Amino acid sequence: MSHKAGFVSIIGKPNAGKSTLMNALVGEKMSIITPKAQTTRHRILGMVNTDDYQIVFSDTPGVIKPHYALHESMMHQVDGSIVDADLILLVTDIYEEFDETDVLKKLEGSLAPIAVLINKIDQSDEETVKKKVEFWNEKLQPKAIFAISALLGHNVKAIMDFVVDNLPEHPAYYEKDALTDRNDRFFASEMIRAQLLKQYKKEIPYSAEVIVTAFVEGEKLHRISAEIIVERDSQKNIIIGQGGSMLKIVGTYARRDMEEFFQKKVFLEMFVKVIPDWRSKKNYLKKFGYE
Ligand SMILES: Nc1nc2c(ncn2[C@@H]2O[C@H](COP(=O)(O)OP(=O)(O)OP(=O)(O)O)[C@@H](O)[C@H]2O)c(=O)[nH]1
Ligand SMILES: [Mg+2]
């Protein structure tokens, strides 16, 4: 009996809705989503399995010009995702002007067929969407173009059908019951990071990293300890807030998200630590899981 399997790379500029799409395609809250750019920092695999096929989607960080070693690692992960891809979903949105061509440059070496997804059409009108479709047809001559709303699930089914149709014949790459390549510690740290992005302004979330230092699974309760790492003492004070008020808010929301995700009560403790300029230090980045 024939079986299909392949890697599908989800790439695009920051904030285009790549992670929203990934979650809609996989049907799980796999990647964190926030209104801020550069939410995703890692390549995250999400699998869809049936008897006949295995799709390995890879959500990636938004393409940016690197300013720190951290960004370089993020861009390496985008490159890796493109190299592996049997198919590329290029996510753009109705707002993108495309005066900068970083994303297209990344695609230059790739032979994988591309589908362009014009996202956030729920915030647009027919005329604008039509213009975008024309623009992308001319610019890239992609194999397909879909106008979608990842948020509302509009046309997500059509993308799935397109992906399945274009999947190569291949045995499964991962166990057929696998959903992701990431572990519970990773998801716990991401849920805290999502709250940092949501609760703090300006440079704070971008200067912060979250490391889960202990994850003890219990019958009734998971005990999770995490470190929030920032670059300066001043940032540490802001993260903690007056009398610990801000950190308490972060902890409360992150714990709720974890309890829903793990379907288990969670006890969460967090510590804030300063590592000057960790974003530029290769040894720390490696320790934090950035290759
Ligand atoms: N209105 C609308 N908003 C959307 C849609 N898709 C995503 N968004 C919003 O756009 C913002 C960014 O979404 P993400 O999925 O985090 O975007 P991303 O491309 O993964 O961003 P990075 O990880 O930073 O590269 C969030 O506030 C989403 O709710 C959509 O179809 N319609
Ligand atoms: Mg993302």
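Every number for a ligand or one of its atoms is a count from 1 in the order of the listing. Predicted, not measured: the structure shown is a model, and the values here were computed from it. Keep in mind that the numbers below use all heavy atoms, side chains included, and drop hydrogens, waters and symmetry copies.
- The distance between the ring centers of His222 and Phe267 does not fall below 6.0 angstrom.
- Put simply, the side chain of Leu167 does not reach to within 4.5 Å of the side chain of Asp86, judged on heavy atoms.
- The minimum heavy-atom distance linking Tyr68 with Glu203 is given by the pair OH-OE2, 3.9 Å.
- Remark: the Asn15 side chain and the Lys36 side chain contain no N/O donor-acceptor pair separated by less than 3.5 Å.
- Across Lys273, Glu231, Arg41, a single residue satisfies side chain to side chain contact (heavy atoms under 4.5 Å, CB included) together with Glu209, and that is Arg41.
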Dump the pairs for me: ligand 1 N or O, protein N or O, distance under 3.5 Å, to 0.1 Å.
{"residue": "ligand 1", "atom": "1 (N)", "partner": "Asp122", "partner atom": "OD2", "Å": "2.8"}
{"residue": "ligand 1", "atom": "1 (N)", "partner": "Gln123", "partner atom": "NE2", "Å": "3.2"}
{"residue": "ligand 1", "atom": "6 (N)", "partner": "Asn119", "partner atom": "ND2", "Å": "3.1"}
{"residue": "ligand 1", "atom": "10 (O)", "partner": "Lys120", "partner atom": "NZ", "Å": "3.3"}
{"residue": "ligand 1", "atom": "15 (O)", "partner": "Ser19", "partner atom": "N", "Å": "3.3"}
{"residue": "ligand 1", "atom": "15 (O)", "partner": "Thr20", "partner atom": "N", "Å": "2.8"}
{"residue": "ligand 1", "atom": "15 (O)", "partner": "Thr20", "partner atom": "OG1", "Å": "2.5"}
{"residue": "ligand 1", "atom": "17 (O)", "partner": "Gly17", "partner atom": "N", "Å": "3.1"}
{"residue": "ligand 1", "atom": "19 (O)", "partner": "Ala16", "partner atom": "N", "Å": "3.1"}
{"residue": "ligand 1", "atom": "19 (O)", "partner": "Gly17", "partner atom": "N", "Å": "2.9"}
{"residue": "ligand 1", "atom": "19 (O)", "partner": "Lys18", "partner atom": "N", "Å": "2.8"}
{"residue": "ligand 1", "atom": "19 (O)", "partner": "Lys18", "partner atom": "NZ", "Å": "2.7"}
{"residue": "ligand 1", "atom": "20 (O)", "partner": "Ser19", "partner atom": "N", "Å": "2.9"}
{"residue": "ligand 1", "atom": "20 (O)", "partner": "Ser19", "partner atom": "OG", "Å": "2.9"}
{"residue": "ligand 1", "atom": "21 (O)", "partner": "Asn15", "partner atom": "N", "Å": "2.9"}
{"residue": "ligand 1", "atom": "23 (O)", "partner": "Thr40", "partner atom": "N", "Å": "2.9"}
{"residue": "ligand 1", "atom": "23 (O)", "partner": "Thr40", "partner atom": "OG1", "Å": "2.8"}
{"residue": "ligand 1", "atom": "24 (O)", "partner": "Gln38", "partner atom": "N", "Å": "2.7"}
{"residue": "ligand 1", "atom": "24 (O)", "partner": "Thr39", "partner atom": "N", "Å": "2.7"}
{"residue": "ligand 1", "atom": "25 (O)", "partner": "Lys18", "partner atom": "NZ", "Å": "2.7"}
{"residue": "ligand 1", "atom": "25 (O)", "partner": "Gly62", "partner atom": "N", "Å": "3.2"}
{"residue": "ligand 1", "atom": "31 (O)", "partner": "Asn119", "partner atom": "OD1", "Å": "3.0"}
{"residue": "ligand 1", "atom": "31 (O)", "partner": "Asp122", "partner atom": "OD1", "Å": "3.4"}
{"residue": "ligand 1", "atom": "31 (O)", "partner": "Ser149", "partner atom": "OG", "Å": "3.1"}
{"residue": "ligand 1", "atom": "31 (O)", "partner": "Ala150", "partner atom": "N", "Å": "3.0"}
{"residue": "ligand 1", "atom": "31 (O)", "partner": "Leu151", "partner atom": "N", "Å": "3.1"}
{"residue": "ligand 1", "atom": "32 (N)", "partner": "Asp122", "partner atom": "OD1", "Å": "2.7"}
{"residue": "ligand 1", "atom": "32 (N)", "partner": "Asp122", "partner atom": "OD2", "Å": "3.4"}

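- Taking the side chain as every heavy atom from C-beta outward, Ile229 and Phe288 approach each other to under 4.5 Å.
- If you run side chain to side chain donor-acceptor pair (under 3.5 Å) between Tyr95 and each of Gln123, Lys132, Lys13, only Gln123 comes through.
- Among the backbone and side-chain atoms of Ser19, an N, O or S atom lies under 2.8 Å from the Mg ion (ligand 2).
- Coordination check, Asn15 versus the Mg ion (ligand 2): failed, since every N/O/S atom of the residue sits at 2.8 Å or beyond.
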